[in-house]
Amino acid sequence: MALSFLIWLPLIVGGLAWIMERQVKGSGNWVNLFGLFAVLIVVFYCWSNGMSELSWNWFTRFNIHFALLLDGLALILIVLTLLLAMLAVLVSWQDIQQNAGFFHFNLMFSVAGIVGVFLADDLFLFFLFWEVMLLPMTALILVWGHENRRYAAIKFFIFTQVSSLLMLVAIIALAILHQQQTGELSFRLAELQQLTLSPSTAYWLMLGFFIAFAVKLPSVPLHTWLPDAHTQAPTAGSVLLAGVLLKTGAYGLIRIVLPLFPAATIEFAPVAVTLGAISILYGALMAFSQTDFKRLVAYSSISHMGFVLLALFSWHELAIQGAILTLVAHGISSAALFSMAGMIQHRIHSRELGNMGGMWSSAPKMATVTLVFVMAGIGMPGMANFNGELYSLLGSYQVFPVQTSFAALGIIGSAIYGLHLFQNAFQGPANAEVADLNQRELTFTVLLVVGLVYFGLQPHILLDLTNANLMELLSVAAKVKGVSP
Amino acid sequence: MIAESLFYLSGAIALIASIMVITNKNAVHALLYLVVSLLALAMCFYLLGAPFAAALQIIVYAGAIMVLFVFALMLFNINSDDIKRESKWLQWQGWVGPALLVLVLLFEITYLLQFHPVWSAEPVQLIDARSVGTLLFGPYLLAVEIASFLLLAGLVGGYHLAKKMPDKDKQT
Amino acid sequence: MTLRELYLLSPVIILGLGTIILMLQAAWKRQPWLAQSITVLTLMATTAFLIFEFPQSTTPITLLFEYEPIGSFFALLVLMASLSVALLQGAYMGPNSAEVAEEFYLLLLLSSMGALLLVMAQHVAGVILGVELMSLSMLAMLAYNRERKLALEGAIKYLLLSGTSTSMLLFGFALLYAASGELNLTLMLAADMTPMSEAGFVLVLIGLAFKLSLFPLHFWTPDVYQGAPVNSTLLLTSVSKAAVFAVLLKLLLVIPEAFEADITRMLSWMAIASMLLGNWLALRQKSIKRLMAYSAIAHMGYVLVAGVIALGIDHSLVLEGASYYLLAYLIASIIIFAVITYMSQLDAQEDLDELPKLQGMFWQHPWLATIMALAFLSLAGMPITVGFIGKFYLLTLAVKLSAWWLLSAMLVGSAVGLYYYLRVVFALFSPQQGAIPQVAGYSVSKVWTGLIALSLILLGVLPGIIGDQLKTILSIG
Amino acid sequence: MMSVPMEHGMTLVALLWAVGLIGLLARRNTLFMLMSMEIMLNAAALAFILAGSHWQQADGQVIYIVIITVAAAEVGIGLALLIRLRQHIQDLNIDNLDRLKG
C-alpha cells in the first residue's frame with residue numbers, strides 16, 4: 001500500500017503545486033521541494049520496513065496486475081530520480097516565469113512516471129509508465145523549451161513512441177506465448193521468465209525490447225533525438241532527461257532484456273557491444289565539434305551511455321557492476337553539467353561557447369564547481385564516473401577485447417572534449433561578465449560535488465544494494481551457458 | 001413463348017430508355033425516358049407474376065415520384081444555358097473512363113450469371129395482391145410501421161431543406 | 001406479434017413516442033429548450049430501458065428484428081452518441097439562432113431509431129429500413145443550416161454516394177436471396193454458397209464499407225465532414241459507424257467457412273489500405289474536421305482488423321476488442337467535436353476548426369483544451385486513455401493470430417497517426433495567437449462532456465471496469 | 001405461364017444497374033445523377049421481384065415495396081437539396097461544388 005504512494009504522491013504534490021502557484025507566486029517551488037522530500041522519506045520507510053512488493057488485480061480479463069517491486073536496483077534509481085528532481089526544482093527556481101504552476105505539475109508528473117517505470121513488476125504496467133513519463137517531458141520541452149522546441153519535442157516524442165510500439169508488440173507476444181504454454185495470459189516479469197522460447201522467437205522479441213531501450217539509452221544509430229531534446233529543453237527538463245530518463249533505457253535492459261532472453265542476448269552481444277563502442281567514440285567525436293554548451297554535454301551523454309551498453313551485453317560480473325555505477329555517476333555528473341549550462345544561460349542568454357570565455361575571473365566559484373564536474377565527466381580517479389568506466393572496461397575486455405580496446409579510446413576523447421569545454425567557457429580572454437553563484441546555487445552544486453566524490457570513494461554501497469540483482473542475472477546466464485558463474 | 005418474348009422486349013425497352021436517360025442533354029426529355037423505363041419494368045414485373053408490384057410501379061413510381069421530379073424541374077427553371085453547358089460535358093471523352101470501369105464489373109457479373117447457372121427455369125406462378133397483403137400486414141407489419149417513419153424522415157427533411165429561412169423576429 | 005415482443009421493442013417505441021410528442025410540441029408552440037428536453041429525456045428513457053432489460057440471450061422480435069446482446073451493446077453506444085449530440089445542440093445553436101430547432105431534434109430521434117433498428121435487424125428488410133432511416137435523417141441534418149453552402153455540397157455528395165451504396169447493398173441482398181430463398185441474414189448465409197451468392201455477399205460488404213468509409217469507398221468522407229455543421233458531423237462519425245459496424249460484425253460471424261479465406265483476404269487489404277491511406281492523408285490537413293474524417297477512415301481500418309480476425313478463431317476476444325475499440329473511438333470523437341461545438345455557431349458559414357485559429361487554446365480555455373488534447377492522445381493510443389486499451393485489444397488479437405501484415409500496417413499507421421495527432425495537441429499548447437470565442441452557459445452539456453472526458457481517463461486507468469465485464473455483457477461462451 | 005431463366009433476368013438487372021452507375025459516374029449534373037440513382041434502385045427492385053417469383057414467395061414483393069418507400073424518401077430529400085442548391089449557385093453542375101478540398 002505504502003509502495004503505491006511513491007506514484008500517487010508526486011502526482012498529488014504536482015497538482016497541489018499547480019494550485020498553490022496560482023494563489024501565491026513562487027510557492028510551487030517549495031511545495032515540490034517538500035513533496036519530493038516526503039516521497040524520499042516514503043521510499044526509505046518502505047525499504048527499511050521491507051515493504052517491497054505489491055500486487056493488485058487490475059485488468060482481470062488479461063490477468064494484468066498492478067504489481068510493484070522495490071529492490072536494490074530500483075531503490076538506487078528512485079532515490080537518484082528524487083534527488084535529481086529536487087535539483088531540477090532548485091535549478092529552475094527563477095527560470096520559469098510563464099505558467100509556472102503548470103510547469104511544476106509537469107515536473108512532478110514525469111517524476112511519478114519515472115518512479116513507476118522503476119517500480120513496475122508487470123510488463124503492461126511497465127509499458128504504461130514508460131509511455132506516461134514521456135507526456136509531461138514532451139510538454140516541458142514544448143512549452144518552456146528554447147527557440148527550436150517544437151521540432152525537438154516532436155522528434156523526441158515520435159522516436160520514443162514509435163520504438164515503444166515495437167516493445168508493446170513484444171510484450172503482448174510474450175503474454176500470449178505464456179498463455180499457449182500454461183493456459184493463462186500473464187504479464188508478470190517473474191512468470192514470464194519461466195517461459196521456454198525457441199531461439200528465433202526469443203531473438204525477435206528481444207529485438208523488439210532492445211530497440212525501444214536503445215532509443216532511450218540512446219545508442220547510435222537511434223540517438224538523433226537526444227541532442228535536440230537536451231539542447232532545447234529547459235534546464236530542469238535537461239536535468240531530468242540526462243539524469244534519469246536515459247537510465248530507464250539501461251534499467252529496461254538490466255531488468256527485462258537480459259533476464260528474459262539470456263541466450264538471445266548472448267547471441268546478439270557482438271552487435272550490441274559494437275554499437276556501444278561506436279556510441280562511445282561517435283559521442284566523444286561529436287561532442288568535441290560542438291559549439292553549444294548543452295549540445296556538447298548531450299553528445300557526451302551518448303558517449304557515456306555507450307559504456308553502459310558495452311558493459312551490459314558483455315555479460316560479465318565486473319562489467320555489469322560497472323554499468324550500474326556508471327548509471328548513477330553519469331546521472332549525477334551530467335545533471336550537474338546541465339544545471340551549470342542552465343545557470344550560464346540564465347546569466348548570458350546564450351549557450352554558445354563562443355559567447356563565453358574567461359568567466360573564471362568574474363565567477364570563480366562557478367568555474368571551480370564546473371571544473372569538478374568536467375573532471376568527473378572525464379573520469380578522473382576518485383570520482384564516481386571513474387569507477388564505473390573502469391569496471392565496465394575491465395569486465396568487457398575479458399569478453400570482447402577488440403571492441404573494448406576501441407571503446408577505451410573514448411576516455412581519451414572525453415578528456416579532450418571536457419577540457420575543450422572548460423577552456424572555452426572559463427579561460428582565455430574574458431568575453432562575458434557574469435554574476436557568481438548565489439547561496440542557493442552554491443548549496444546544491446556543492447552537494448553534487450560531495451555526491452560525486454562520495455560514490456567515487458565508496459562504490460561498494462551501490463554494489464551491495466544491487467548484489468542480489470546481479471547474482472540473479474549471473475545465475476540466469478550460467479544456466480544458458482551451462483557453466484557456473 | 002409469347003410471354004417470354006414480351007419479357008425480353010420490355011427488358012430491352014427498359015434498358016434502352018435508361019441509356020437514353022443518362023445520355024440525354026435535356027432534363028425533361030430524360031425524365032420522360034425515365035418514365036418509359038419504369039413502365040417497361042412494370043411490364044416485366046407483371047410478366048414475372050407480380051401484378052401488384054407492377055401496379056405499384058406505375059402508380060407510385062412512374063406516377064407519384066416522377067411528378068415530384070417534374071415539380072422540382074419546374075422550380076429549377078432550367079434554361080437553354082444549362083442545356084448548352086451540359087452538352088459541353090457530353091463529349092465522348094467524359095464517358096470512357098467510367099464506362100470502362102463499370103463494363104468490367106458488368107462483364108464479371110454477366111460471366112457469373114451465364115456460365116455458372118444455378119437456377120432452373122420454372123414456369124412463373126402468379127403471386128397476387130392478396131398474398132402480398134397478407135404477408136405485409138402479418139409478419140412484416142413492423143416493416144410497414146418503420147416505412148412510415150422513413151417517409152416521415154423524408155418529409156421532415158425535405159420540408160426543412162426546401163422551405164425558406166424563417167424571419168428571426170417571427171419566430172417567437 | 002406477441003406482447004413480449006412488443007415489450008422488447010420498447011426502445012424503438014419510446015423513440016417513436018418521443019418523435020410524436022416532439023411533433024405535437026412543434027405544432028403547438030415552438031420552443032427550442034423544450035424540444036431539447038424532450039429529446040434528451042426520450043434518449044435517456046431508451047438508454048435506461050436497454051440497461052435494465054439488457055438481454056442475456058437472443059429473442060426474435062417478429063421476423064425482422066432480434067433482441068440480443070451484441071446489438072444491444074452497440075445500441076448503447078449509439079444512444080450515448082445521440083445523447084451527446086442532443087445535449088450539444090443547444091449551445092451550438094445559441095439562443096438567437098435563425099434556424100429552427102425542432103426539426104433537428106426530430107431528425108436526431110429518427111436517426112437514432114434507424115440506428116437502433118439496424119443493430120437489431122436480423123432480416124434484409126430490417127437492415128434496409130434501418131440503414132435508410134438512419135442515413136436519410138442524417139442527410140437532412142448534414143445540410144441542416146440551409147445557408148451554409150459547404151454543408152449543402154457535402155450533403156449532396158453524401159446523398160448520391162449513399163444512394164449508390166444502398167443500391168449495391170440491395171443488389172447484393174437480392175443475389176443472396178435469389179440463391180437461397182431466404183431473407184433472414186443468418187439463414188441466407190447458411191445456404192450453400194454459389195459464385196452468385198458470393199458475388200452478392202461481396203456487394204453487401206461493399207455497401208456497408210461505404211458507410212464505414214473504408215478504402216476504396218472513403219473518398220466522400222472528408223468533404224462531407226468538413227462541410228457539415230460540426231454537431232451533425234459528430235452524429236455521422238459516431239452513430240452511423242457504430243451501427244453499421246454492428247451489422248458488419250454480425251454478418252462476418254455467420255459467414256460460411258468455405259468462403260472465409262476469400263473474404264479474409266479482401267477485408268485484410270481493405271483494412272491495411274484504410275489504415276495506411278487514412279493516416280497518410282490526414283498528415284496534411286489543417287481543418288480538424290477534415291483531419292477527423294481521415295482519421296475516421298484509419299480507425300475504421302483498425303476496427304476492421306477485428307472484423308477480419310472475426311473470421312479466425314477467438315470469437316469472444318474479437319467481439320470484446322471491436323466493442324472496446326469503438327467505445328474508445330466514440331468517446332474521443334464526442335469530446336473533440338464537442339469542444340469544437342462549444343466554440344462554433346450553427347448560424348456561421350464555417351465552424352472554428354482550423355488549426356491555426358485554435359493555437360494556444362490551452363492558455364485561454366484550459367479545460368476545453370485539456371480534454372481535447374486527451375481525446376487526441378486517446379486516438380493516438382497513448383496509455384492512461386481509453387484509446388490505448390482499445391489498441392491493446394486489437395494488437396493482442398493480431399499477435400494472437402499471427403496476422404503480421406495487419407500488425408505491421410497497424411504499427412506504421414499508429415506511428416504516422418502519432419505525428420498528426422501530436423501536431424494538434426502541440427498547436428493547442430503553443431503560444432496564444434488570437435482570442436478564441438466560447439459559448440457560455442449550458443451547464444448540462446458541459447457536465448455531460450466532463451463525464452465523457454472522465455470516462456476517457458477512467459476507462460484507460462481502470463480498464464477492468466468494462467473490460468472485465470464485456471465477456472458477460474456480450475454473453476459469449 | 002412464361003419461363004424465363006433467372007440468369008437472363010439477373011443479367012437485365014446487372015445491365016440496368018451498370019447503366020445507372022455509368023450515368024452516376026459520367027454525368028456532372030446532379031439532377032441526372034439523381035436519376036441515375038433511381039435507375040440503380042429500380043434495378044435492385046427488379047432483382048427482388050425476380051428472386052421472389054423464382055422462389056414463389058411474396059416476400060420479394062414486400063421488399064419491393066420497402067424499396068419504393070426508400071426511393072420516395074430519398075428523392076424527396078434529394079430534390080429538396082437540389083432546390084436549395086439551385087438558390088445558391090446558378091446550375092446544378094457538381095464540379096461547381098468544389099470549394100471543399102483538403
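Predicted model only: the values in this text are computed from it and were never measured.
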In this structure, which one of B:I19, B:L34, B:L38 forms a side chain to side chain contact (heavy atoms under 4.5 Å, CB included) with D:I39? B:L34
Carefully, step by step, assess B:L31 and D:M35 under the rule side chain to side chain contact (heavy atoms under 4.5 Å, CB included). CA-CA 8 Å; B:L31 207 52; D:M35 288 190 214; 3.8 Å; yes
Pick from B:A14, B:S18, B:A147: which one has the most heavy-atom pairs with chain D under 4.5 Å? B:S18
With a 4.5 angstrom heavy-atom cut-off, could you sort out which part of B:L56 is near chain D: side chain, backbone, both or neither? both
B:S131 meets the side chain to side chain contact (heavy atoms under 4.5 Å, CB included) criterion, sequence neighbours left out, with B:I127, B:D128, D:A58
Engaged part of D:L24 at the chain B interface, taking heavy atoms whose separation is under 4.5 Å: neither
Which atoms of B:A64 are under 4.5 Å from chain D, going by heavy atoms: the side chain, the backbone, both sets, or neither? neither
Taking all non-hydrogen atoms of both residues into account, name the closest pair between B:A162 and D:R84 and its distance. O-NH2, 3.7 Å
Heavy-atom side-chain proximity of B:Y140 to D:V66 below 4.5 angstrom: no
Within the 4.5 Å heavy-atom criterion, are B:V21 and D:V19 side-chain neighbours or not? no
D:L31 and B:F69, any side-chain heavy atoms less than 4.5 Å apart: yes
Does any heavy atom of chain D fall under 4.5 Å from the side chain of B:L15, the backbone, both, or neither of them? both
